[in-house]
Structures are given as C-alpha cells and as structure tokens.
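As the structure is a prediction and not an experimental result, all values here were calculated from the model. In this chain, residues are counted from 1 in sequence order.
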Amino acid sequence: MKLLIIGGSGFLGGELIRQAVAAEREGREVVATYATRPGDAPADRWYRLDLREAGQPYGVDGVGGVDGVGGVDGVDGVDRLIAGLAPCTVVNASSGHADWAVTADGAIRVAAAAARHGCRLLHVSTDAVFSGDRPDYDETCLPDPITPYGAAKAAAETAVRLLVPDSVIARTSLIIGDGGSVHERHVHDLATGRRTGVLFTDVVRCPVHVTDLAAALLELADSRATGIHHLAGPDAVTRHELGVLIAHRDGLDPTRLPQGHHADSPRPGPLTLRLNSTATQGRLRTRLRGARDFLAAR
C-alpha cells in the first residue's frame with residue numbers, strides 16, 4: 001500500500017508526510033514529489049516531478065527511483081510516476097499559485113492519471129475559487145472566481161470532478177503553523193522592518209492550522225468520503241487581525257504592523273471569504289481550531 005503526496009516539499013505537504021509516516025500501518029509506504037528539491041519531512045522515497053512537463057519523473061539518488069517506469073512516448077511524467085508506483089491514494093497538495101500550467105493543467109494530469117490507474121484522489125483546493133459576494137460559502141456553493149489563481153483552481157476542480165467522480169475536493173483557507181508559514185514570515189518581516197507593505201483591514205479569511213488541516217485531509221483520504229469538503233477554521237478574521245494575533249503569540253510589537261485597505265489597491269481580489277466548514281466538521285473526528293484558539297499567546 002502506498003500513499004503518494006504530490007507537492008510534498010511544500011508547507012502543507014511536509015506536514016502531511018510527517019503525520020502519515022507517524023501513523024503508518026504495517027506495509028504502507030509514504031512517498032512524495034518535489035519540484036526543485038526534496039523537503040525535510042521523512043518520506044520513504046522522494047521523486048522529482050514538474051507538473052508543467054510531460055517528461056520522465058526522476059528518483060533521488062540513494063532514495064529511490066521508479067522501478068519499471070520511463071521511456072513511454074506520449075505518456076506524461078505524472079502518468080508514468082503513478083503507473084510505476086501504483087499508489088492506493090494520491091493527495092495533490094501542490095501549489096502553483098496563478099501558474100495555470102501547474103495549478104490547472106498539472107492538476108488535470110494528476111486527475112487523469114489517478115482515474116486511469118484506479119487510485120483514490122484527494123485534491124486540495126482553496127477559498128479563492130469564490131468572489132466574496134456572498135456572506136459565506138458552504139460546500140454547495142458554485143465557484144465564481146475573480147482572480148487568475150482562483151480561476152486556475154476552479155478549472156482544476158471541474159476537471160477533478162469530471163475525471164474522478166469519487167474523488168475528494170478539499171477547499172481550505174490561509175494555512176498557519178508555528179512560525180513556518182509564508183503568512184507568519186510576512187508578519188515577522190513587517191514587524192521588524194525587513195520589508196515594507198501593509199496588512200489589509202478589509203480582507204477577511206478563515207485561517208486553519210496546518211496540523212489540523214493535514215489531520216483532516218488524511219482522515220478524509222482514509223475514509224469513504226467523496227465530493228467537496230470545506231476545511232477552514234471557524235474564526236473569520238481580517239489580515240491585520242491575523243497579523244496582530246501572530247505578533248502577540250511571537251512576542252512582537254503589533255503596533256508596528258502597517259494597515260491598509262485592499263479596496264484601495266489596483267489589484268483585484270475578493271475581500272470577505274468566509275468558508276463555512278460546519279458540514280464537513282460534523283463528519284470529522286479532527287477538530288479544526290479557529291485562529292484565536294491556535295494563535296493564543298504563549
């Protein structure tokens with residue numbers, strides 16, 4: 001039995017690997033892919049895979065390659081990798097941001113390969129598939145993206161649902177950790193003057209802790225769940241409120257965090273995205289904590 005985590009070198013991917021390895025049942029392997037270099041998480045094997053390329057996946061010297069994979073013209077790298085590994089479950093936790101070739105086309109390649117080889121698929125999506133025009137969004141709401149990233153993610157969702165009808169699509173929000181997320185580093189840089197910028201007081205999200213999110217994703221992967229699920233925290237906070245919570249937790253001066261309004265920015269984007277996770281939370285053992293809980297001052 002194998003669990004394949006695509007995007008294992010990312011922030012969420014690394015936590016998925018750590019939790020999956022810690023909970024390994026006898027005989028199950030946890031293998032992962034990376035785009036530029038392997039992550040620090042203890043996957044059983046690592047493979048280089050660029051979702052933008054229709055080429056050969058490469059194993060890491062001394063860590064393992066794909067036995068019997070390669071040299072098949074007309075079959076892309078994702079298909080070769082999945083055909084060679086024969087994983088029971090594939091989790092696509094890759095993050096290509098607004099790069100359509102990774103976020104949309106790459107996700108389509110993963111879904112097509114999972115369907116072709118009979119793998120269970122869990123696809124990680126985002127609240128950015130929504131415009132922010134509704135008070136909140138539950139699992140029944142249809143995507144209406146207004147940014148390139150949201151459009152790419154929405155396209156990926158459509159392909160996954162079409163190609164793998166019994167897949168899980170898990171939408172989430174801002175992912176926070178214990179200091180290692182991009183959002184936390186941004187707050188530290190602003191508070192210490194290492195960079196300029198502002199934290200928006202009119203942009204609302206429902207942050208989730210990476211350990212909660214990873215545990216919930218693995219719980220869904222190991223279940224018989226299908227369809228769309230929302231995995232976000234219950235607290236809706238502005239970007240600036242989130243920054244203040246991070247600063248208090250980490251002993252920084254929150255008054256040094258510059259404020260601004262996204263509505264004044266020339267860059268379009270949704271303002272309020274309240275991802276309603278009530279229905280999914282009711283089916284899970286894993287509790288998704290709110291930002292005010294997991295960012296409580298130490």
Side-chain angles (χ1 to χ4, degrees), residues 1-22 24 28-126 149 152-153 156 159-160 163-164 167 175 180-182 210 214 217-218 221:
M1 294 176 62
K2 293 188 183 76
L3 170 65
L4 171 61
I5 298 174
I6 294 177
S9 57
F11 184 59
L12 173 59
E15 183 61 28
L16 284 166
I17 293 169
R18 283 185 284 272
Q19 291 194 26
V21 168
E24 271 187 13
R28 184 167 84 170
E29 286 185 272
V30 179
V31 296
T33 74
Y34 66 96
T36 55
R37 62 182 180 83
D40 297 327
D44 292 307
R45 287 185 287 174
W46 284 96
Y47 302 93
R48 182 172 69 81
L49 182 67
D50 188 339
L51 291 175
R52 298 169 299 180
E53 297 177 354
Q56 168 84 17
Y58 296 93
V60 183
D61 291 343
V63 180
V66 184
D67 296 336
V69 175
V72 182
D73 292 335
V75 181
D76 68 29
V78 177
D79 192 277
R80 292 174 183 171
L81 181 69
I82 290 177
L85 289 173
C88 292
T89 303
V90 177
V91 178
N92 185 3
S94 61
S95 177
H97 304 289
D99 185 341
W100 191 275
V102 175
T103 302
D105 293 343
I108 293 169
R109 286 193 175 105
V110 172
R116 188 176 295 115
H117 300 292
C119 306
R120 178 161 172 74
L121 175 63
L122 194 152
H123 175 82
V124 181
S125 191
T126 172
Y149 173 57
K153 278 293 195 179
V160 168
L163 295 170
V164 194
S167 63
I175 306 174
S181 73
V182 62
V210 67
L217 289 169
L218 292 172

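Among all heavy-atom pairs drawn from I82 and A114, the shortest one is CD1-N, 4.2 Å. Nearest heavy-atom pair, A156 versus A104, reported as atom, atom and distance to 0.1 Å: CB-CA, 4.4 Å. A pairwise comparison of heavy atoms in V160 and S167 identifies CG1-OG, 3.2 Å as the closest pair. Closest approach of V21 to P42, counting heavy atoms only: CG2-O, 3.4 Å. Shown here for A152 and T103, the closest heavy-atom pair between the two residues is CB-CG2, 3.7 Å. Between L218 and A20 the shortest heavy-atom distance is CD1-N, 3.8 Å.
In this structure, the separation between OG on S181 and CD on E15 is 12.5 Å, given to the nearest 0.5 Å. Atom CD1 of I17 is separated from atom OG of S9 by 8.0 Å, given to the nearest 0.5 angstrom. With rounding to the nearest 0.5 angstrom, the CD1 atom of I5 is 8.0 Å from the CH2 atom of W46. For the atom pair CG of L49 and CZ of R109, the computed distance is 9.5 Å after rounding to the nearest 0.5 Å.
With sequence neighbours left out, the salt bridge (charged side-chain N to carboxylate O under 4.0 Å, His left out) criterion links R120 to no other residue.
Judged by distance alone, the side chain of T33 and the main-chain N or O of G7 form a donor-acceptor pair under 3.5 Å. When atom types are taken as modelled, the side chain of D44 and the backbone of V31 share no donor-acceptor pair closer than 3.5 angstrom.
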Inset, instruction - Show the numbers, then the answer: is there a side chain to side chain contact (heavy atoms under 4.5 Å, CB included) between L85 and R45? - result: CA-CA 11 Å; L85 289 173; R45 287 185 287 174; 3.8 Å; yes
Inset, instruction - Could you walk me through whether D105 and R52 pass the side chain to side chain contact (heavy atoms under 4.5 Å, CB included) test, one step at a time? - result: CA-CA 7 Å; D105 293 343; R52 298 169 299 180; over 6 Å; no
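Counting heavy atoms from C-beta outward, L121 and L163 have side chains that stay 4.5 Å or more apart.
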May I have the list of side-chain donor-acceptor pairs in residues 86-97 shorter than 3.5 Å, sequence neighbours left out?
unit_1 : atom_1 : unit_2 : atom_2 : d
N92    : OD1    : S94    : N      : 3.2
N92    : OD1    : S94    : OG     : 2.7

